Amino acid sequence: WLYDKSDSKQTTVETGAGHSTVAFMLKGTNHTCICPHGPTVERIKKFAKDEFNIDSNVKFIVDKSENVVPNLEGEFDIALIDGSHSFPVTIIDWFYLGNLLKVNGYAVVDDCHLNACKLLAKFLDSDVGWELENIINFCRFYKKKMKFRTLHWTQEGDESYYSDMK
C-alpha cells in the first residue's frame, strides 16, 4: 500500500523504521524517518545501498518521536505512525503528525492490535475528519478529510464549555 500510494513528488514522515523506510526510499519521496535506535538506521542505509544501490535520500532523526514531532514543520502527504506503540506516545505522534498532514493525505497506523494503536484507530474510525480507506493485517490506512478542529474553553456567565475556535 505505501509503495503504491507514494511517489517522488510527495513529502512523507514515519515514526519507527523498517521495510516502510525502504519503500519510501525506493519511491524517492522526500522522507523523514524518526527512530530512536541508531543501529537500526545504519542497517537500513546499508541494506538500501547493498540491495538497491540507493544512497539514503531520507532525513533520519535519531531520537524518540515525542521529542521530535512537536517541532516538525511543513506539510506531509503520508504519515506512518509505527514507533513506540505505547500510550500516550502513539497519540502524541498522531496529534502532531495529523495536524501537519495535508487534507486528502494519509495517516497510517500500524500494529492496531496493540492497546495504544487500537485506541487511536477506534477514535479515527468514529471521527468525521478521517475516512478508513484500507486495512491490511494490523495496519489501518486513514484519509484526512478536513483540517483539525481546534476547541477552546469559553466562559459565558456561569456557563463554561468547549467551542470551535474562530
Side-chain angles (χ1 to χ4, degrees), residues 1-121 123-124 129-130 132-144 147-148:
W1 190 96
L2 285 174
Y3 188 82
D4 291 338
K5 288 286 185 182
S6 58
D7 65 54
S8 62
K9 297 179 191 84
Q10 292 177 324
T11 302
T12 56
V13 62
E14 72 179 311
T15 58
H19 291 99
S20 53
T21 313
V22 176
F24 287 124
M25 289 171 121
L26 288 170
K27 280 301 191 126
T29 68
N30 179 18
H31 187 60
T32 301
C33 176
I34 305 159
C35 175
H37 193 245
T40 297
V41 168
E42 294 309 312
R43 279 196 307 273
I44 290 169
K45 288 179 182 178
K46 182 176 180 348
F47 176 80
K49 179 69 173 164
D50 293 350
E51 296 296 320
F52 302 106
N53 199 29
I54 297 174
D55 285 318
S56 180
N57 56 342
V58 172
K59 177 182 179 185
F60 286 100
I61 301 172
V62 179
D63 199 349
K64 294 177 180 179
S65 63
E66 64 267 30
N67 296 332
V68 176
V69 295
N71 301 307
L72 284 178
E73 295 180 357
E75 289 187 310
F76 298 100
D77 298 288
I78 298 173
L80 171 58
I81 299 168
D82 190 21
S84 170
H85 304 108
S86 65
F87 187 85
V89 177
T90 301
I91 307 303
I92 293 167
D93 290 350
W94 166 78
F95 178 77
Y96 287 101
L97 295 179
N99 211 14
L100 296 174
L101 196 62
K102 296 176 183 176
V103 172
N104 294 317
Y106 291 95
V108 182
V109 183
D110 198 13
D111 297 313
C112 289
H113 61 295
L114 301 174
N115 286 334
C117 303
K118 187 187 307 183
L119 177 67
L120 176 56
F123 170 77
L124 293 174
W130 299 90
L132 179 62
E133 183 169 289
N134 201 353
I135 301 172
I136 301 172
N137 298 321
F138 296 113
C139 191
R140 298 173 77 92
F141 304 84
Y142 295 92
K143 189 174 205 175
K144 184 177 179 179
K147 287 186 166 200
F148 273 22

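This structure is a prediction, so every number in the text was calculated from the model and none was measured.
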**Student:** Do Thr90 and Trp94 make a side-chain contact, defined as non-hydrogen atoms from C-beta onward lying under 4.5 Å apart?
**Tutor:**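 Thr90 vs Trp94: side chains apart.
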**Student:** Indicate yes or no: at least one non-hydrogen side-chain atom of Ile91 is less than 4.5 angstrom from one of Phe123.
**Tutor:**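 Answer no - side chains too far apart.
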**Student:** In Å, rounded to the nearest 0.5 Å, how long is the span from CD1 of Ile92 to OG of Ser84?
**Tutor:**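 These two atoms lie 9.0 Å from each other.
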**Student:** Looking at side-chain heavy atoms only, is the closest gap between His31 and Asn57 below 4.5 Å?
**Tutor:**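 Answer no - side chains too far apart.
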**Student:** Without swapping roles, check the side chain of Lys143 against the backbone of Glu133 for a donor-acceptor pair under 3.5 Å.
**Tutor:**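 No; zero donor-acceptor contacts below 3.5 Å.
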**Student:** Under the side chain to side chain contact (heavy atoms under 4.5 Å, CB included) criterion, do Lys49 and Asn53 qualify, and how do the steps go?
**Tutor:** CA-CA 4 Å; Lys49 179 69 173 164; Asn53 199 29; 3.2 Å; yes
**Student:** Could you give me the CA-CA distance, side-chain angles and deciding distance for Glu75 and Thr11, then say whether side chain to side chain contact (heavy atoms under 4.5 Å, CB included) is met?
**Tutor:** CA-CA 7 Å; Glu75 289 187 310; Thr11 302; over 6 Å; no
**Student:** Let me confirm one number: the CD1-CZ distance from Ile135 to Arg140, rounded to the nearest 0.5 Å.
**Tutor:**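 Going from CD1 on Ile135 over to CZ on Arg140, the span is 3.5 Å.
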**Student:** Any idea which heavy atoms bring Lys144 and Gly98 closest together, and the distance?
**Tutor:**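 Residues Lys144 and Gly98, closest heavy atoms: NZ-O, 2.7 Å.
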**Student:** Search all heavy atoms of Asn71 against all heavy atoms of Asn67 and return the closest pair with its distance.
**Tutor:**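 Smallest heavy-atom distance, with atoms named: ND2-O, 3.4 Å.
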**Student:** State, yes or no, whether a side-chain contact exists between Thr21 and Phe60 at a heavy-atom distance under 4.5 Å.
**Tutor:**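 Yes. Closest side-chain heavy atoms under 4.5 Å.
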**Student:** Looking at CG of Asn115 and NE2 of His85, how far apart are the two atoms once the value is rounded to the nearest 0.5 Å?
**Tutor:**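 Reported value, rounded in 0.5 Å steps: 12.5 Å.
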**Student:** Rounded to the nearest 0.5 Å, what separation is found between the NZ atom of Lys102 and the CG atom of Asp77?
**Tutor:**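 CG of Asp77 is found 3.5 Å from NZ of Lys102.
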**Student:** Of all the heavy-atom pairs spanning Val103 and Lys147, show the shortest one and how long it is.
**Tutor:**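 Val103 and Lys147 have their closest heavy atoms at CG2-N, 3.7 Å.
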**Student:** Which heavy atom of Phe76 sits nearest a heavy atom of Leu101, and at what distance?
**Tutor:**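 That would be O-CD1, 3.4 Å.
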**Student:** List the steps and the verdict of side-chain hydrogen bond (donor to acceptor under 3.5 Å, both in side chains) for Thr15 and Ser65.
**Tutor:** CA-CA 6 Å; Thr15 58; Ser65 63; 5.1 Å; no
**Student:** Begin from the C-alpha positions of Leu132 and Leu124 and carry the test side chain to side chain contact (heavy atoms under 4.5 Å, CB included) through to its verdict.
**Tutor:** CA-CA 8 Å; Leu132 179 62; Leu124 293 174; over 6 Å; no
**Student:** Check the pair Glu51 / Val22 against side chain to side chain contact (heavy atoms under 4.5 Å, CB included), numbers first and verdict last.
**Tutor:** CA-CA 10 Å; Glu51 296 296 320; Val22 176; over 6 Å; no
**Student:** Mind listing the closest non-hydrogen atom pair of Cys35 and Val41 along with its distance?
**Tutor:**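 Scanning both residues completely, I find the closest heavy atoms to be CB-CG2, 4.1 Å.
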**Student:** Checking side chain to side chain contact (heavy atoms under 4.5 Å, CB included) between Val69 and each of Val89, Val13, Ile81, Asp93, which is the one that passes?
**Tutor:**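 Of Val89, Val13, Ile81, Asp93, side chain to side chain contact (heavy atoms under 4.5 Å, CB included) with Val69 is met by Asp93 alone.
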**Student:** State the CZ-CG distance between Phe87 and Leu119, to the nearest 0.5 angstrom.
**Tutor:**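 The CG atom of Leu119 is 6.0 Å from CZ of Phe87, to the nearest 0.5 Å.
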**Student:** So does His113 have more than 12 non-hydrogen atoms from other groups sitting under 6.0 Å from NE2?
**Tutor:**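 Count over threshold, so yes.
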**Student:** With heavy-atom distances below 4.5 Å as the criterion, would you say the side chains of Leu80 and Thr12 are in contact?
**Tutor:**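 No, too far: nothing below the 4.5 Å cut-off.
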**Student:** Which value, rounded to the nearest 0.5 Å, describes the distance between Cys112 atom SG and Leu120 atom CG?
**Tutor:**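 Result: 7.0 Å between the selected atoms.
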**Student:** Could you tell me whether a side-chain N or O of Lys27 sits under 3.5 Å from a main-chain N or O of Tyr3, the two making a donor and an acceptor?
**Tutor:**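 Yes.
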**Student:** What are the two closest heavy atoms between Val62 and Gly38, and how far apart are they?
**Tutor:**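 Distance-wise, the nearest heavy atoms are CG1-N, 3.7 Å.
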**Student:** So, the side chain of Tyr96 versus the backbone of Glu66: is there a donor-acceptor pair under 3.5 Å, distance only?
**Tutor:**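 No: the side chain of Tyr96 does not pair with the backbone of Glu66.
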**Student:** If you draw a 6.0 Å radius around NZ in Lys64, do more than 12 non-hydrogen atoms from other residues or ligands fall strictly inside?
**Tutor:**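 Check fails, neighbour count at 12 or below.
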**Student:** Within a radius of less than 6.0 Å around CG of Asn137, do more than 12 heavy atoms belonging to other residues, nucleotides or ligands occur?
**Tutor:**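 Counting other residues, nucleotides and ligands, CG of Asn137 stays at 12 neighbours or fewer.
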**Student:** Please examine the side chains of Cys139 and Val108, heavy atoms only from C-beta on, and report whether any two atoms are closer than 4.5 Å.
**Tutor:**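 Heavy-atom side-chain distance check passes, below 4.5 Å.
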